[in-house]
Amino acid sequence: MLGERLRALRLSRNFSQRELADKAGVSLRAWHNLEAGAGSTIETFLRGLKALDAVDTLDALVPQSRVSPLALLKKSSLPRRVSRPRTKQKATP
């Protein structure tokens, strides 16, 4: 999803992947991986946004989480399984 948005932004600015990678100072493979969602670094992401002159669009590219991680921790959930007391096994002579 994020990679698709970056690709659309790059194409709207009329950059090839190679041109943008060179301008951002990252390898072509790193930029390709970022757009493909195949793993990348925050540094590559930010360098790309800076090269696209789109650092101010960070909020639009990465939507804010709707669920608070702290709320998830505070939320108590019921156990998914019922545990039964273990029976003692008889010792074999």
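Model, not experiment: these values are computed from the prediction. Atoms considered below: every heavy atom in the structure, side chains included; atoms not considered: hydrogens, waters and symmetry mates.
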Rounded to the nearest 0.5 Å, how far does [atom2] of [Y] lie from [atom1] of [X]?
X: I42; Y: L46; atom1: CD1; atom2: CG; result: 6.5 Å
X: L49; Y: D56; atom1: CG; atom2: CG; result: 9.0 Å
X: Q17; Y: L11; atom1: CD; atom2: CG; result: 8.5 Å
X: F45; Y: L2; atom1: CZ; atom2: CG; result: 5.0 Å

Shortest non-hydrogen contact from R13 toward A54: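 Taking R13 first and A54 second, the nearest heavy atoms are NH1-CB, 4.1 Å.
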Locate the shortest heavy-atom distance separating L20 from A51; write the atom from each residue and the value.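 Looks like CD1-CB, 3.6 Å.
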Quick one: which residue pairs count as a salt bridge (charged side-chain N to carboxylate O under 4.0 Å, His left out) with a foot in residues 16-27, not counting sequence neighbours?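 Qualifying pairs, neighbours excluded: none.
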Among all residues two or more places apart in sequence or in another chain, which pass the side chain to side chain donor-acceptor pair (under 3.5 Å) test with T44?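 Here the qualifying residues are T41.
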Under 3.5 Å, side-chain donor or acceptor atoms of residues 25-32 against the rest of the protein: list the pairs with distances, not counting sequence neighbours.
residue : atom : partner : partner atom : Å
S27     : OG   : A30     : N            : 3.0
W31     : NE1  : E35     : OE2          : 2.5

